[in-house]
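Written below as structure tokens is the structure these notes are about.
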Amino acid sequence: MIWPALFKQLLTDPMGALTSPAFYLQHTGELSIDGLGWVWQCNFFGHFVLSRLLESSLAASPVQGGGRVIWSSSLEASPKHYDPSDWQNKKTGHSYENTKYQIDIVANTLDIQNMKTNRRIRHLVSQPGVTSTNVASALIGPALDVLKVWCFYIVSHLGK
């Protein structure tokens with residue numbers, strides 16, 4: 001965590017600090033055992049491979065309109081730091097945002113392509129909103145995670 005950036009964002013953009021924090025340190029250059037970008041493989045590639053492996057089953061779905069692949073994206077999906085030459089996000093300090101941006105691009109592209117060719121598979125993107133997960137707890141520690149959840153609660157009730 002970049003502490004000065006945390007305090008700056010809390011003072012200048014408190015809602016942004018809760019919805020798209022700019023103060024998390026992300027690991028750069030982590031590789032999986034098979035040499036792929038770790039965050040890219042976890043957040044994007046594994047899901048892409050699974051959807052491709054299930055294509056014939058999805059296309060044969062008896063549900064009206066065919067099968068559906070629901071891709072889970074994020075508020076943090078952004079082209080801001082995206083570098084197409086680093087498509088496995090091995091060099092960037094923003095691998096999470098980039099993989100979620102890749103999900104948006106690929107899911108929408110696959111969906112448009114399938115609609116044009118009348119394939120019975122829809123690729124839809126969902127975004128869960130602002131949630132508290134164990135990932136954040138691992139990044140900021142349990143004490144700050146409890147504080148963050150209280151901030152979520154307070155902010156969610158300010159508009160009521």
Side-chain angles (χ1 to χ4, degrees), residues 1-2 5-6 9 13 15-142 144-145 148-149 151-152:
M1 174 156 355
I2 305 167
L6 163 67
Q9 193 173 19
D13 181 19
M15 187 63 78
L18 294 174
T19 58
S20 51
F23 46 83
Y24 285 147
L25 282 174
Q26 297 182 41
H27 299 278
T28 302
E30 286 188 79
L31 302 178
S32 65
I33 195 166
D34 47 6
L36 299 173
W38 178 252
V39 175
W40 177 79
Q41 187 175 23
C42 291
N43 286 348
F44 175 81
F45 188 60
H47 301 78
F48 178 78
V49 170
L50 181 61
S51 74
R52 300 300 279 192
L53 290 171
L54 294 173
E55 271 188 345
S56 60
S57 296
L58 290 165
S61 171
V63 175
Q64 183 179 353
R68 292 170 185 86
V69 178
I70 311 294
W71 294 82
S72 187
S73 187
S74 171
L75 279 173
E76 295 184 67
S78 171
K80 183 177 178 181
H81 303 286
Y82 185 64
D83 176 5
S85 69
D86 182 26
W87 54 273
Q88 287 189 34
N89 298 299
K90 293 178 182 180
K91 300 175 198 162
T92 182
H94 300 275
S95 54
Y96 178 79
E97 296 93 328
N98 289 344
T99 58
K100 295 303 181 175
Y101 179 63
Q102 287 174 320
I103 283 170
D104 291 357
I105 293 169
V106 169
N108 285 309
T109 301
L110 289 170
D111 195 54
I112 290 167
Q113 181 182 44
N114 285 351
M115 289 173 58
K116 285 180 180 177
T117 59
N118 293 321
R119 292 215 52 199
R120 292 178 32 86
I121 303 170
R122 296 294 315 267
H123 287 267
L124 308 169
V125 177
S126 70
Q127 188 274 103
V130 178
T131 59
S132 179
T133 67
N134 291 340
V135 172
S137 181
L139 291 171
I140 62 177
L144 283 176
D145 193 49
K148 178 194 70 179
V149 171
C151 287
F152 284 177

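- A donor-acceptor contact shorter than 3.5 Å is absent between the side chain of Ser73 and the backbone of Ser126.
- One N or O on the side chain of Asp86 and one on the backbone of Lys91 form a donor-acceptor pair closer than 3.5 Å.
- Shortest non-hydrogen contact noted between Thr28 and Gly93 is OG1-CA, 3.7 Å.
- The number of heavy-atom neighbours closer than 6.0 Å to CD1 of Ile33, taken from other residues, nucleotides and ligands shown, is 12 or below.
- For Asp111, the salt bridge (charged side-chain N to carboxylate O under 4.0 Å, His left out) test picks out Arg122, with sequence neighbours left out.
- Going from atom CG of Asn98 over to atom CD1 of Ile103 covers 11.5 Å, rounded to the nearest 0.5 Å.
- Between Thr92 and Ser95 the shortest side-chain heavy-atom distance falls below 4.5 Å.
- Side-chain N or O atoms of Gln102 include one that pairs as donor or acceptor with a backbone N or O of Trp87 at under 3.5 Å.
- Applying the 6.0 Å contact sphere to NE2 of His123 captures more than 12 heavy atoms from other residues, nucleotides or ligands.
- Expressed to the nearest 0.5 Å, how far OG1 of Thr99 lies from CH2 of Trp38 amounts to 13.0 Å.
- One N or O on the side chain of Gln9 and one on the backbone of Ala22 form a donor-acceptor pair closer than 3.5 Å.
- The closest side-chain heavy-atom distance from Val39 to Glu30 is not below 4.5 Å.
- Here the straight-line distance linking atom OG of Ser51 with atom CG of Leu110 works out to 6.5 Å at 0.5 Å rounding.
- In this structure a side-chain-to-backbone donor-acceptor pair under 3.5 Å is present from Gln26 to Tyr96.
- Between atom NZ of residue Lys100 and atom OG of residue Ser72 there is a gap of 5.0 Å, rounded to the nearest 0.5 Å.
- When all heavy atoms of Gly129 and Leu75 are compared, the pair lying nearest together is C-CD1, 4.4 Å.
- A distance of 13.5 Å separates CG of Asp83 from NZ of Lys90, quoted to the nearest 0.5 Å.
- Classified by interplanar angle (parallel below 30°, tilted 30° to 60°, perpendicular above 60°), the ring pair His81/His94 is parallel.
- Residues Phe44 and Val106 have side chains in contact (heavy-atom distance under 4.5 Å, counting atoms from C-beta outward).
- Shown here are the ring-ring contact (aromatic ring centres under 6.0 Å, His included) partners of Phe45, two or more places apart in sequence or in another chain: Trp40.
- Considering only heavy atoms from C-beta on, Glu97 stays 4.5 Å or farther from Ser74 through its side chain.
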Donor-acceptor contacts under 3.5 Å from residues 52-66 side chains, at least two apart:
from: Arg52; atom 1: NH1; to: Glu55; atom 2: OE2; distance (Å): 3.1
from: Ser61; atom 1: OG; to: Val63; atom 2: N; distance (Å): 3.2

